[in-house]
Amino acid sequence: MSQTVLNCGYVPLVDCAPLVIAKELGFAGEEGLALNLVRQPSWSALRDMLALGHLDVAQMLSPMPVAMSIGLGGLPARVDTLMVLSVNGTVFGVSNDLALDIGAVPFGDAKALLSALSTRKGTALRVGVPFHYSMHRLLLSLWTSNAPDLQIEEITVPPPRMADAVADGFVDAFWVGEPWGSVAVGQDVAQLMMTGKDVWQFAPEKVLAARHDWVEANGDAAAQLMRAVYKASAWLDAKKNTPLAVEILARSEHLSMSPDLIDPALSGDIVTKRNTAPTPVGRFLQFHKHAATFPWRSQAAWIASQLGADAVGIEKAKACFRADLYRQNLAGIGADMPGASEKEEGALHFETAVASSRGHMILSPDAFFDGRTYDFS
């Protein structure tokens with residue numbers, strides 16, 4: 001039987017795992033797809049390839065479809081988020097020199113770290129982020145807005161270059177997705193100070209995205225891909241599958257690196273400083289449980305608000321997170337659906353039961369470190 005070929009762009013990060021697993025373990029093939037994974041050197045390159053039609057679908061930073069759909073940055077295009085690929089999974093680290101300057105700060109204490117950095121004297125803190133329209137940058141802005149005297153210089157650095165940027169003194173600190181924080185630690189050029197979830201406990205990190213016109217013209221292929229990725233995400237969340245997932249991701253055609261650098265993100269055992277014991281981080285990277293794949297329209301609204309969008313822009317952002325397609329395309333395989341497509345972001349401080357298509361489901365905490373909440377209904 002012939003298969004539909006889909007060209008899917010990705011950047012080599014651990015959270016590309018749902019796409020890699022969908023291809024390598026046959027979930028895509030079972031849906032009648034030949035998933036061609038096309039590695040990209042940077043997020044800007046991936047964005048342009050998708051916008052120009054050289055890619056059918058892509059792994060994207062969650063703010064990218066929102067930014068493109070409301071006309072910000074680079075090539076504007078109406079881009080749909082079909083589903084979320086990963087939640088959390090990022091780290092904030094500092095150079096070894098900066099770590100000495102600020103002294104001992106408990107790992108994961110966002111408020112204490114912000115206070116320590118605020119006492120630093122001299123020039124602005126140069127922070128490497130992978131892309132301007134990234135969750136890394138939005139979390140950085142939210143976090144540092146609580147310390148108005150701290151001056152930040154944002155510097156864009158592709159993830160694979162982050163460790164080198166620290167080693168060369170190009171940046172003082174960085175916010176990046178794994179495994180590139182672990183790479184910097186392994187090269188003994190940096191220490192990890194906190195994770196993204198220490199600022200927002202349930203931040204949508206990567207999404208599966210496609211141009212709106214492609215989705216409209218290729219509804220069957222979009223549905224097939226969504227089902228394959230959903231099944232791959234569920235497979236990834238089973239702890240027994242972690243060793244095989246690490247082995248597959250480490251292969252030369254995917255991340256092409258040592259399994260020891262990939263394992264921390266999937267196991268949640270984060271080495272914060274070279275030659276120290278790992279620190280267990282619960283829910284460090286989430287693929288499936290707690291409605292992790294659901295494209296909450298309220299998350300799109302939060303992203304748009306942080307990008308400075310007005311009310312019209314916020315509504316456009318909501319429209320590009322396709323909760324409607326998620327419900328339509330995944331209901332047939334038994335996916336549990338939250339009863340609503342929006343929620344008050346930041347209101348959950350504990351695991352919470354909410355109404356769902358199968359009665360109820362448990363959502364993860366989604367609180368922000370400063371206690372703020374956001375309601376866009």
Side-chain angles (χ1 to χ4, degrees), residues 60-72 78-88 133-135 137-139 141-143 145-146 196-197 199-209 212 215 226 283 286 288-331 335-377:
M60 279 190 154
L61 297 156
S62 59
M64 291 174 70
V66 172
M68 295 173 75
S69 295
I70 64 178
L72 296 177
R78 187 174 175 186
V79 177
D80 288 345
T81 288
L82 302 178
M83 60 195 300
V84 176
L85 290 175
S86 63
V87 170
N88 301 330
Y133 299 109
S134 67
M135 184 57 65
R137 205 273 296 176
L138 297 188
L139 293 180
S141 295
L142 175 73
W143 179 53
S145 70
N146 287 264
K197 71 182 285 286
V199 174
W200 186 11
Q201 290 192 48
F202 198 82
E205 177 54 30
K206 304 298 189 307
V207 297
L208 179 63
H212 180 76
V215 174
M226 291 173 70
R283 301 190 307 276
Q286 297 176 244
H288 181 76
K289 294 176 183 175
H290 309 301
T293 58
F294 189 76
W296 291 95
R297 294 188 181 230
S298 48
Q299 291 178 341
W302 183 87
I303 290 169
S305 73
Q306 299 303 299
L307 294 177
D310 59 14
V312 172
I314 287 174
E315 289 306 311
K316 286 182 178 179
K318 287 184 181 183
C320 84
F321 266 45
R322 300 299 303 272
D324 58 328
L325 288 183
Y326 186 98
R327 296 181 185 280
Q328 172 185 312
N329 293 332
L330 297 182
D336 199 12
M337 309 285 177
S341 295
E342 299 185 35
K343 57 188 173 71
E344 183 180 4
E345 297 297 332
L348 303 181
H349 292 266
F350 309 97
E351 291 190 355
T352 303
V354 299
S356 78
S357 58
R358 292 195 289 188
H360 74 274
M361 69 187 336
I362 304 298
L363 298 184
S364 280
D366 70 351
F368 292 89
F369 87 106
D370 56 8
R372 286 187 246 186
T373 61
Y374 302 83
D375 189 349
F376 299 97
S377 58

Participant: How close do S364 and R283 get, counting heavy atoms only, and between which atoms?
Facilitator: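 Answer, listing the atom of S364 first, then R283: OG-CD, 3.5 Å.
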
Participant: Name each donor-acceptor pair under 3.5 Å that joins a side chain in residues 305-317 to protein atoms two or more places apart or in another chain, with its distance.
Facilitator:
residue, atom, partner, partner atom, Å
S305, OG, W302, O, 2.7
D310, OD1, V312, N, 3.2
D310, OD1, G313, N, 2.8

Participant: Side-chain atoms of residues 368-377: list all donor-acceptor pairs with protein atoms under 3.5 Å, sequence neighbours left out, distances to 0.1 Å.
Facilitator:
residue, atom, partner, partner atom, Å
D370, OD1, R372, N, 3.2
D370, OD2, N146, ND2, 3.3
D370, OD2, R372, NE, 2.6
D370, OD2, R372, NH2, 3.0
R372, NH2, S145, OG, 3.0
T373, OG1, E344, OE2, 3.1
D375, OD1, S377, N, 3.1
D375, OD1, S377, OG, 2.7

Participant: Report yes if some heavy atom in the side chain of P295 is under 4.5 Å from a heavy atom in the side chain of R322; otherwise report no.
Facilitator: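 Contact flag for P295/R322 side chains = no.
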
Participant: I need the minimum non-hydrogen distance between F202 and Q299, along with the two atoms involved.
Facilitator: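 Scanning both residues completely, I find the closest heavy atoms to be CD2-NE2, 3.7 Å.
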
Participant: Would you name the heavy atoms of K343 and E345 that are closest together and state the gap between them?
Facilitator: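 Closest pair (atom of K343, atom of E345, distance): NZ-OE1, 3.0 Å.
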
Participant: Which heavy atom in M135 sits nearest to a heavy atom in W200, and how many Å separate them?
Facilitator: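 Nearest heavy atoms, M135 then W200: CE-CZ3, 3.9 Å.
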
Participant: Taking all non-hydrogen atoms of both residues into account, name the closest pair between A301 and K318 and its distance.
Facilitator: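 Looks like CB-CE, 3.9 Å.
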
Participant: Counting only N and O atoms by type, is there a donor-acceptor contact under 3.5 Å from the side chain of R327 to the main-chain atoms of P338?
Facilitator: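 Pair found, side chain donor or acceptor close to backbone of P338.
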
Participant: Hey, does the side chain of T293 reach the backbone of H288 with a donor-acceptor pair shorter than 3.5 angstrom?
Facilitator: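 No.
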
Participant: Between Y326 and S341, is any side-chain donor less than 3.5 angstrom from a side-chain acceptor?
Facilitator: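 Their side chains do not contain a donor-acceptor pair, so the 3.5 Å distance test is not met.
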
Participant: Of L82, I303, D80, V207, which meets side chain to side chain contact (heavy atoms under 4.5 Å, CB included) against P65?
Facilitator: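 Going through the options one by one, the only one that passes is V207.
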
Participant: If you count the non-hydrogen atoms of other residues, nucleotides and ligands that lie under 6.0 Å from CZ in R78, is the total more than 12?
Facilitator: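 12 or below, so no.
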
Participant: How long is the gap from CD on Q328 to CG on L330, to the nearest 0.5 Å?
Facilitator: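 Between atom CD of Q328 and atom CG of L330 there are 10.0 Å.
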
Participant: Check whether any side-chain heavy atom of E205 lies under 4.5 Å from a side-chain heavy atom of N88, and answer yes or no.
Facilitator: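 The answer is no, as the side chains (C-beta and beyond) never meet within the 4.5 Å cut-off.
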
